[in-house]
Amino acid sequence: MSTEPTTTGTLATDPVVDAEHAEAYRSAEDYHAAIAAIRSAAAAYYNGTELAMDDAAYDALLARVAATEAAHPDWQQPDSPTSTVAAGVGRGGDVEHSTPMLSLDNVFDPAELRAWAARLARTLGRSVDGYTVEPKIDGMAIAARYVDGHLMQVATRGDGRTGEDVTLQARRVAGLPVQLTEPVTVEIRGEVFMTDADFTRANELRVAHGGQPFANPRNAAAGTLRAQDRAYEAPLSFFAYAAHGLPGAAAQRHSDAMAAIARLGVATTGQSAAGLRRCASAEEVVAFVGLLGDGRGGLGFAVDGVVVKADEAADQADAGSSSRAPRWAIAYKFPADTRTTRLAGIEVQVGRTGVITPVAVLDPVQVGGVVVTSATLHNFDDLVRRDVRVGDTVFVRRAGEVIPEITGAKLDERPADAQPFTPPVPCPRCGGDIDRSQKRWRCTRGRACGAAEALHYFAARDSMDIEGLGDKIVNALVSQGLVTDPADLYDLEQVTLARLERMGATSAGKLVANIAGSRSQPLSRVLTGLGVRMTGRSMSRRLARHFGTMQALCAATVEQLQNVEGVGPERAAVIAAELAELAPVIARLAERGVGIMTEPGTPAAGDSGADTAAVTPPLRGPDGPLTVVVTGSVPGLTRTEGNEAVETLGGKSSGSVSTRTDLVVIGPGAGSKAQKAEELGLRTMPAETFAQLLAAYTAGDQAAIDTLLK
Ligand code: IVH
């Protein structure tokens, strides 16, 4: 990446925002509006008020402003945020900084990081003598002056030149001692922040005192540090990342300076769980950055990236700084883990055990590299306290854990007609009472609340296909307490069933036989019947074919589940959690001989025993399964069976026609999919031929298959 602003830069290296890939604004008005938006977001950010823009949106705006300045140098404002120390953005104060508190330029991937290192070496005219890599703490920057070892004054970053005096509040920040271990005079800079655990505690305290919870740990830290009088104490922490005026050899290297102030009793980034690593080469830096990125979720505090610095004081001095940021340091930003999006709805879900939870339905948004469409709102008390409303722009966070959460709403963007959320009164599933004594509300009927629904689903045609087990019988069985989960079905006896209303001995006998017969249903149908969240019929088939047995599927890790096509991290985590929750039912089913079979057509099934062993699966191409769409009806098969047949024949069934489709099976009642297949010139097959193909394959008749495929 090379961003060379034409009017501001003294060197090609500043400022490093991703202008190359950003689109320039077409009009000067839009450019000015973007600068105004950046200013107000930056002001909110530095002042720690609640309404900061999310990082990614901020970076994108800044990149577009830089791109605009590269395209239209004549539009550039002298105090553009691309060239100033956030001038006019933060709230200045009474304390003048000894040297400006600069910002950092950003890179977003290893290639940009390598390019920055190469530029730095070019600027120096020699190779860089070592780098340091440390976490970029997502908190509030402060400068702390120690005189003869005493903490004299602490100021916020403010507008970069002057900051607010927060000495009093800072005296209780962990890691920033009031007294150093030696009588040293030094200025220490670093970040005041809140650990994840303290953030939770701070919000509990705040809410207990009638306040609104903080939207994120950064706002919590900034708000707490700047609060003048506090009715409650919320813990704050500190990690230093710079020291000015250290005497002697310690000043020669950043890594040594950090070690020296750690000995004086100050907490440094080096003492954080992420540590401070000296790296000899840019490649070593790239490797360590990758490690920190992978482990960011487990640090216990928020980081929004890492900071890479030239370690030697001489390298830093020779590289110098632009008016905005040093050239010897760079922030490597991780993909944002907090984004904003619109809350499209709030659904109330009743879990298998009767736990009732509010779930946010979101306009799709990328958070930490994953598209998120729903998020947890934790519990009803929390939701009411946070006063998040449908239509709000909300902050969505993924911090290590896979299920995203809503941390708050942007009150200034609330639509005028947004209504507060009203929690359910009776259980939305069964209409029963709700037990509200715990944070997690629960239907008083517990597991029984969802039993009828689960059983309907289990018995349905696309699942276990148990003829005679209709809604009325299921409802009767559940209400009489005869069945609470699918495994109970297999214990039912004819005499018991015959006692049900409008059920004679003959139909009771048939039903017992049908239930028993469903034992031979393949794994994919058992899975479908269990109603694992985030899986449907076709995903159940894919899972069954991939793992072959229920045992293998249940033993799969979240990573292994992601090897199945269409299973991303979010879905994998949900499937794993669901299977764990269903484990007791799965075990009881297995005891009754259900779901213990190997899925037909999988390697685990052992092809040798199959009567189709000598026959090549006709829908398997040289590069793997052919993608087949079945549209319209196939003689003798339901829609599900049609799709299952595709897979039995070695293909992969798909629901939509595209250029990637290998074959479209067309039967009576086919509509637009058949038309599209024709438009795209795809290979098609009449449903009748497809049915014959299935019969030929099942019979192991290779000659018939060959004829049909001609
Ligand atoms: S060094 C002159 N190191 O990130 C260089 N900054 O986005 C000063 N920050 O204003 C910055 N962790 O408030 C440095 N390990 C770290 C940091 C860090 C967080 C903050 C700092 C800076 C901002 C730039």
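Counting convention: from 1, in listed order, for ligands and their atoms alike.
Those atoms of ligand 1 with a heavy atom of Pro326 less than 4.0 angstrom away are 2 (C), 5 (C). Using a 4.0 Å cut-off to heavy atoms of Ala141, the atoms of ligand 1 that qualify are 13 (O). Below 4.0 Å from some heavy atom of Leu102 lie the following atoms of ligand 1, by number and element: 10 (O). Atom numbering of ligand 1 starts at 1 in the shown order; those under 4.0 Å from a heavy atom of Glu134 are 15 (N).
Of all the heavy atoms of Leu104, the ones lying under 4.0 Å from any atom of ligand 1 are found in both the backbone and the side chain.
A salt bridge is absent between Glu134 and Arg277: the closest approach of a Lys/Arg side-chain nitrogen to an acidic carboxylate oxygen does not fall below 4.0 angstrom.
Residue contacts with ligand 1: Thr269 is placed with no nitrogen or oxygen under 3.5 Å of a nitrogen or oxygen of the ligand (distance criterion only). For ligand 1, the polar-atom distance check against Pro135 finds a nitrogen or oxygen pair separated by under 3.5 Å.
In this structure, Ala329 has no heavy atom closer than 4.0 Å to ligand 1.
More than 12 heavy atoms of other residues, nucleotides or ligands sit less than 6.0 Å from atom CZ of Arg278. A 6.0 Å sphere centred on CZ of Arg26 holds no more than 12 heavy atoms belonging to other residues, nucleotides or ligands. Heavy-atom neighbours of Glu96 CD from other residues, nucleotides or ligands within 6.0 Å: at or below the threshold of 12.
For Arg64 and Tyr25, the positive end sits near the middle of the six-membered ring, less than 6.0 Å away and at most 45° from its axis.
For the ring-ring contact (aromatic ring centres under 6.0 Å, His included) with Phe193, the qualifying choice from Phe199, Phe239, Phe238 is Phe239, the only one to do so.
Which of Glu191, Lys309, Gln316, Met140 comes nearest to atom 9 (N) of ligand 1 through a heavy atom is settled by distance: it is Glu191.
Side-chain atoms of Asp315 and Arg126, non-hydrogen and from C-beta on, do get closer than 4.5 Å to each other.
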